[in-house]
Student: 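Dropping a structure here in structure tokens format, bear with me for questions.
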Amino acid sequence: MPFGQELREQREARGISLDEVSVSTRVSLRHLQALEGDRYTDLPGGVFNRGIVRSYANFCGLDIDETVRRFQDAMRARGLDAEGREDDWRELAEAVHRSRITDAPARRLRWLGVVAMLLIVFGLAAGVLWVLVHRGIVHLPEKTWVPSIYRTH
């Protein structure tokens, strides 16, 4: 049985959802899905892969060292480098940078939507108030002119 499928079955046997693992371990759902799907090239690489597997195993109550060893064996069986390399930190930084670049436009669009929605709500409120005032349903207080002599400062 493939390593990822074995992980998934053990997690499901314990009644744990993948979302729970992601929230608790702070490992992205995308990486967890790649791990369970045996798509090791979609993982960040090296020592980070081992950290993801350790966090997953710890949260699911699995033997951490045994799970990491089986993960490394599965990677070697696919011809992938299971050991960490010195340039892993640089790869991670580049991956984070790429993900932030792709997230920025979506974040801007989200805020643009919030601003547009607020403008629509305020516009509708002003329109309703205008209609109510002009139909005589609502009476706004009269503005009275007070000479500056009588104003208190």
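The shown structure was predicted, so the numbers you read here are calculated from the model rather than taken from an experiment.
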Student: Is V128 reachable from V138 through a run of I, L, V, M, F, W or Y residues, each pair having side-chain heavy atoms under 4.5 Å apart?
Tutor: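 As far as the 4.5 Å side-chain criterion goes, V128 and V138 are connected within one cluster.
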Student: Can you name the closest pair of heavy atoms from S55 and V27 and give their distance?
Tutor: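 Residues S55 and V27, closest heavy atoms: CB-CG2, 4.5 Å.
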Student: For E6, which residues count as a salt bridge (charged side-chain N to carboxylate O under 4.0 Å, His left out) partner, sequence neighbours excluded?
Tutor: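 By the salt bridge (charged side-chain N to carboxylate O under 4.0 Å, His left out) rule, E6 matches R70.
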Student: Kindly write out the residues that satisfy side chain to side chain donor-acceptor pair (under 3.5 Å) with S24, not counting sequence neighbours, or none if the list is empty.
Tutor: none
Student: Contact between Q72 and V53 at the side-chain level, heavy atoms closer than 4.5 Å - yes or no?
Tutor: no
Student: State which residues pass salt bridge (charged side-chain N to carboxylate O under 4.0 Å, His left out) with D65; sequence neighbours excluded, sorted by chain then number.
Tutor: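 If we apply the salt bridge (charged side-chain N to carboxylate O under 4.0 Å, His left out) test to D65, skipping adjacent residues, the hits are R54.
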Student: Please round to the nearest 0.5 Å and tell me the distance separating atom SG of C60 and atom CD of Q10.
Tutor: 8.5 Å
Student: Quick one: list whatever passes ring pair (Phe, Tyr, Trp, His ring centres under 6.0 Å) with H139, sequence neighbours left out.
Tutor: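 So H139 forms no ring pair (Phe, Tyr, Trp, His ring centres under 6.0 Å) with any residue.
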Student: Flag the pair F3 / D73 as yes when at least one side-chain heavy-atom distance between them is below 4.5 Å, and no otherwise.
Tutor: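 A side-chain contact is absent here, since even the closest heavy-atom pair is not under 4.5 Å.
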Student: Holding to side chain to side chain contact (heavy atoms under 4.5 Å, CB included), I want the full list of residues that pass it with I120, two or more places apart in sequence or in another chain.
Tutor: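 Partners of I120 by the side chain to side chain contact (heavy atoms under 4.5 Å, CB included) criterion, ordered by chain and then number, come out as L124.
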Student: How long is the straight-line distance from CZ of R50 back to CD1 of I64, given to the nearest 0.5 Å?
Tutor: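 Answer rounded to 0.5 Å: 14.0 Å.
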Student: Hey, could you give me the OG/CG distance between S28 and L43, rounded to the nearest 0.5 Å?
Tutor: 9.0 Å
Student: How close do T25 and Y56 get, counting heavy atoms only, and between which atoms?
Tutor: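 Shortest heavy-atom separation between T25 and Y56 comes out as CG2-N, 4.4 Å.
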Student: What is the minimum heavy-atom distance between T67 and D63, and which atoms define it?
Tutor: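 So the minimum-distance heavy-atom pair works out to OG1-O, 2.6 Å.
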Student: Between P44 and H31, is there a side-chain heavy-atom distance shorter than 4.5 Å?
Tutor: yes
Student: Write out all pairs satisfying salt bridge (Lys or Arg N to Asp or Glu O under 4.0 Å) with one or both partners inside residues 31-48, taking only residues at least two apart or from two chains.
Tutor: R11-E36, R39-D42
Student: Y40 vs F71 aromatic rings, parallel, tilted or perpendicular, using cut-offs 30° and 60°?
Tutor: perpendicular
Student: Measuring from atom CG of L32 to atom CG of L7, what distance do you get when rounded to the nearest 0.5 angstrom?
Tutor: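 Rounded to the nearest 0.5 Å, the CG-CG separation comes out at 10.0 Å.
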Student: Write down the atom of L29, the atom of S22, and the distance for their closest heavy-atom approach.
Tutor: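 Looking at all heavy atoms of both residues, the shortest contact is N-OG, 3.5 Å.
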